[in-house]
K.L.:
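First the structure, which I've put down as structure tokens, then a few questions once you've had a look.
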Amino acid sequence: MAVMAKLKNNKQKLSYISVPSQIIHSLSSSSLQSLLLSPKKPSRNANWFFNTSRRPRFWLSVLFLFSLFGMLRLGFNLDPLLPFSHNPCLIGQVQTLFPKKEPVVQMGLGANGENAGVEAEDGEETEFWKQPDGLGYRPCLDFSDEYLRSSEAIVQNRRRYMMVVVSGGVNQQRNQIVDAVVIARILGAALVVPILQVNVIWGDESEFSDIFDLEHFKKVLANDVRIVSSLPSTHLMSRPVEEKRTPLHVTPQWIRQRYLKRLNKEGVLLLRGLDSRLSKDLPSDLQKLRCKVAFHALRFAPPILEIGDKIAERMRAKGSYLALHLRLEKDVWVRTGCLPGLRLEYDEIINNERKLRPELLTGRSNMTYHDRKLAGFCPLNALEVMRLLKALGAPWDTRIYWAGGPPFGGEEALLPLTREFPYFYNKNDLALPGELEPFADRASVLAAIDYVVSENSDVFMPSHGGNMGHAIQGHRAYAGHKKYITPNKRQMLPYFLNSSLPESEFNRIIKELHHDSLGQPEFRTSKVGRDVTKYPIPECMCNDTHT
């Protein structure tokens, strides 16, 4: 709110003073009007103070001075997360996903006026931000001499070309692009820039260059696989060898036997349905190539990096922050066969949707909801996420960036979290007016922005598995093992259901269950069949004691 005062300096000028709305509301209209009046010059009478102190106007002037002092102090402590407003009357009225929040919470100020996000002196709270010991592991992509010798002939080949159509969300597309580069290397073929299939769920028509930095992609892989923007004129009339559904876990030997002879004859291979089809246990050089594609070549397009970095800077303006990938969307509850844990009518909506479209259920249709829950197949809801974070020592003023689509149930679905952790933001809360407009109706681009902000966080935690969680797990490991909390759902949920367990004992048990689930180095050799882009040790990382 603003109070306007007229100054008489030949010309009439206007100046604006911002006064907190709490002060304005505490004054009557007559009191507010009196604040605009200038006090009279003091009398030289010895009894001036006693005479004046009996006048209401004196006390209103004192109140005005205190208000002005408080306003100036508040003005120097505004939260950097607030977008700058050209209208001083709009300060504190930031448009957020949940406009009913108290203004002080939106501004990032605690109930006592202290800044949020600053690490507390209490040892238990600062422990939450402690990073895991990376044991000295660092990226280590040393290709063999044989791989390097064969590279020149592969990148110079002009006879064989491979095209690929990738589907799904942005992280699912990333996985398929990684596989496509490796398969092109196995066949010694040039890779035409992957075609992104229009997403039938989100209607996203983004192309490769809308999401990824195409020139960077070509440059990084220039010595491994030749990347071309389109088929050359000599191959436009070729009849491509088409594979609509590649079997699961195919090996390099299977790929050569299946495609190489026909590819040499026709010149073009077209692959579809490539999601998670390539074996995860590949020769060492091909594993390194997977890491090179995932962690070096597939960089997001500059506009995505720019807005993602800006939002991350706004989150970090007050210190450390947690990125939380919440899987609370309606389609997630339908596909997993789980229930959101809200009111009965919400459960009925999910059950009816599942009956109408049983094909959406991803598997284990013979299990009840309760069995799925105890087996760890269900996403954590907001209440469970809140209890887990508190048990792990997250301070109440933790600044949380939440990534994900709109939760089923809206604000109600998030209330258990926002009540305990009020500094709760997403990209819509933090973006300046118009910043996200160029990406409207681009679900993959918006998901990429979430990825950038999450990757920049001090701590990351997903409420459920999935392509984004797996990709960020590998990315954070490759970056030096930044803290990543993996909820141990199967073991911890029985304790969540035990209402008689004292809170101190509950917290102790939860911390113990997650002692080794905080992003420490994990060897892929102990997780055979897992993706090297999720567990990059030992193929893609090494230290002085392990090469």
Side-chain angles (χ1 to χ4, degrees), residues 141 143-144 146-147 150-151 154 157 160-197 208 212 217 220-221 224-227 240-263 268-298 362 465-471 473-475 477-478 524-525 527-540:
L141 301 181
F143 293 93
S144 69
E146 181 183 355
Y147 180 93
S150 60
S151 294
I154 288 175
N157 187 287
R160 297 189 288 268
Y161 292 85
M162 190 180 104
M163 302 175 65
V164 60
V165 179
V166 301
S167 59
V170 64
N171 295 292
Q172 195 174 355
Q173 291 169 347
R174 285 170 61 99
N175 295 339
Q176 295 170 64
I177 294 169
V178 170
D179 284 356
V181 172
V182 175
I183 293 174
R185 172 76 192 198
I186 292 171
L187 295 172
L191 176 65
V192 180
V193 173
I195 301 168
L196 308 189
Q197 182 175 314
F208 186 96
F212 304 106
F217 184 70
V220 171
L221 298 175
D224 304 276
V225 175
R226 191 163 69 95
I227 310 293
V241 178
E242 185 172 359
E243 183 72 72
K244 295 183 179 180
R245 178 62 67 177
T246 304
L248 287 170
H249 311 306
V250 296
T251 63
Q253 293 76 16
W254 186 95
I255 291 171
R256 293 190 187 98
Q257 292 173 1
R258 175 82 172 181
Y259 301 123
L260 196 53
K261 184 176 180 180
R262 289 189 293 167
L263 182 56
V268 181
L269 169 66
L270 173 60
L271 295 181
R272 301 177 185 269
L274 198 59
D275 192 23
S276 298
R277 300 289 157 173
L278 184 61
S279 171
K280 300 297 185 289
D281 297 311
L282 298 172
S284 177
D285 286 322
L286 296 181
Q287 295 286 58
K288 289 181 171 60
L289 180 58
R290 289 180 65 83
C291 292
K292 187 174 183 178
V293 179
F295 303 135
H296 296 275
L298 278 176
T362 52
N467 292 308
M468 179 172 173
H470 293 166
Q473 179 175 343
H475 212 138
Y478 197 74
R524 202 189 72 86
T525 49
K527 303 198 179 275
V528 177
R530 303 294 181 90
D531 198 333
V532 70
T533 59
K534 183 179 179 182
Y535 301 100
I537 302 175
E539 287 96 341
C540 301

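One is the number of the first residue; the rest follow in order along the sequence.
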K.L.:
Nearest heavy-atom pair of P252 and L286: which atoms, and what distance?
P.N.:
CG-CD1, 4.0 Å
K.L.:
Looking at CD of Q173 and CD1 of I195, how far apart are the two atoms once the value is rounded to the nearest 0.5 Å?
P.N.:
12.5 Å
K.L.:
Is there side-chain contact between L141 and F295, with at least one heavy-atom pair below 4.5 Å?
P.N.:
no
K.L.:
Grab the two heavy atoms, one from G474 and one from P536, that are nearest each other, plus how far apart they are.
P.N.:
O-CG, 4.2 Å
K.L.:
Check whether any side-chain heavy atom of V182 sits under 4.5 Å from a side-chain heavy atom of V293, and report yes or no.
P.N.:
no
K.L.:
Where do M468 and N171 come nearest, in terms of heavy atoms and distance?
P.N.:
CB-ND2, 3.3 Å
K.L.:
Please report the interatomic distance OG(S151) to CG(L289), rounded to the nearest 0.5 Å.
P.N.:
9.0 Å
K.L.:
About how many Å separate CD of Q176 and OG of S167, when rounded to the nearest 0.5 Å?
P.N.:
4.5 Å
K.L.:
Can you pull out every salt bridge (charged side-chain N to carboxylate O under 4.0 Å, His left out) where at least one residue sits in residues 171-185? Sequence neighbours excluded, please.
P.N.:
D179-R290
K.L.:
Testing E242, E243, Q197 for side chain to side chain donor-acceptor pair (under 3.5 Å) with R272, which one passes?
P.N.:
E242
K.L.:
Minimum heavy-atom separation for A184 and V225, please, with both atom names.
P.N.:
CB-CG1, 4.0 Å
K.L.:
Measuring from atom CD1 of I255 to atom CD1 of I183, what distance do you get when rounded to the nearest 0.5 angstrom?
P.N.:
4.5 Å
K.L.:
Could you check whether any side-chain heavy atom of W254 comes within less than 4.5 Å of a side-chain heavy atom of H249, counting everything from C-beta outward?
P.N.:
no
K.L.:
Going through the checks in order, is the side-chain contact (heavy atoms from CB on, under 4.5 Å) test met by N175 and V166?
P.N.:
CA-CA 9 Å; N175 295 339; V166 301; over 6 Å; no
K.L.:
For the residue pair D224 and V181, establish whether any side-chain heavy-atom pair is separated by less than 4.5 Å.
P.N.:
no
K.L.:
Could you check whether the rings of F208 and F212 sit parallel, tilted or perpendicular, using 30° and 60° as the cut-offs?
P.N.:
tilted
K.L.:
Are any non-hydrogen side-chain atoms of F217 and I177 less than 4.5 angstrom apart?
P.N.:
yes
K.L.:
Give me the atom names and distance for the closest heavy-atom approach of A180 to V164.
P.N.:
CB-CG1, 3.8 Å
K.L.:
Output yes when K292 and D285 qualify as a salt bridge under the 4.0 Å nitrogen-oxygen rule, no when they do not.
P.N.:
no
K.L.:
Do R277 and L248 have side chains that get closer than 4.5 Å, going by heavy atoms?
P.N.:
yes
K.L.:
May I ask you to test the K261-Q257 pair for a side-chain heavy-atom distance under 4.5 Å?
P.N.:
no
K.L.:
List the steps and the verdict of side-chain contact (heavy atoms from CB on, under 4.5 Å) for Q172 and D275.
P.N.:
CA-CA 7 Å; Q172 195 174 355; D275 192 23; 2.8 Å; yes
K.L.:
Would you check if L260 and R160 make a side-chain contact, meaning some heavy-atom pair closer than 4.5 Å?
P.N.:
yes
K.L.:
Can you list the residues that meet the side-chain contact (heavy atoms from CB on, under 4.5 Å) rule with S284, with sequence neighbours excluded?
P.N.:
K288
K.L.:
What is the distance from atom CG of L278 to atom OG1 of T246, rounded to the nearest 0.5 Å?
P.N.:
9.5 Å
K.L.:
Passes side-chain contact (heavy atoms from CB on, under 4.5 Å), K280 versus Y535? Steps please.
P.N.:
CA-CA 11 Å; K280 300 297 185 289; Y535 301 100; over 6 Å; no
K.L.:
What's the spacing between R524 CZ and I537 CD1 if we round to 0.5 Å?
P.N.:
12.0 Å
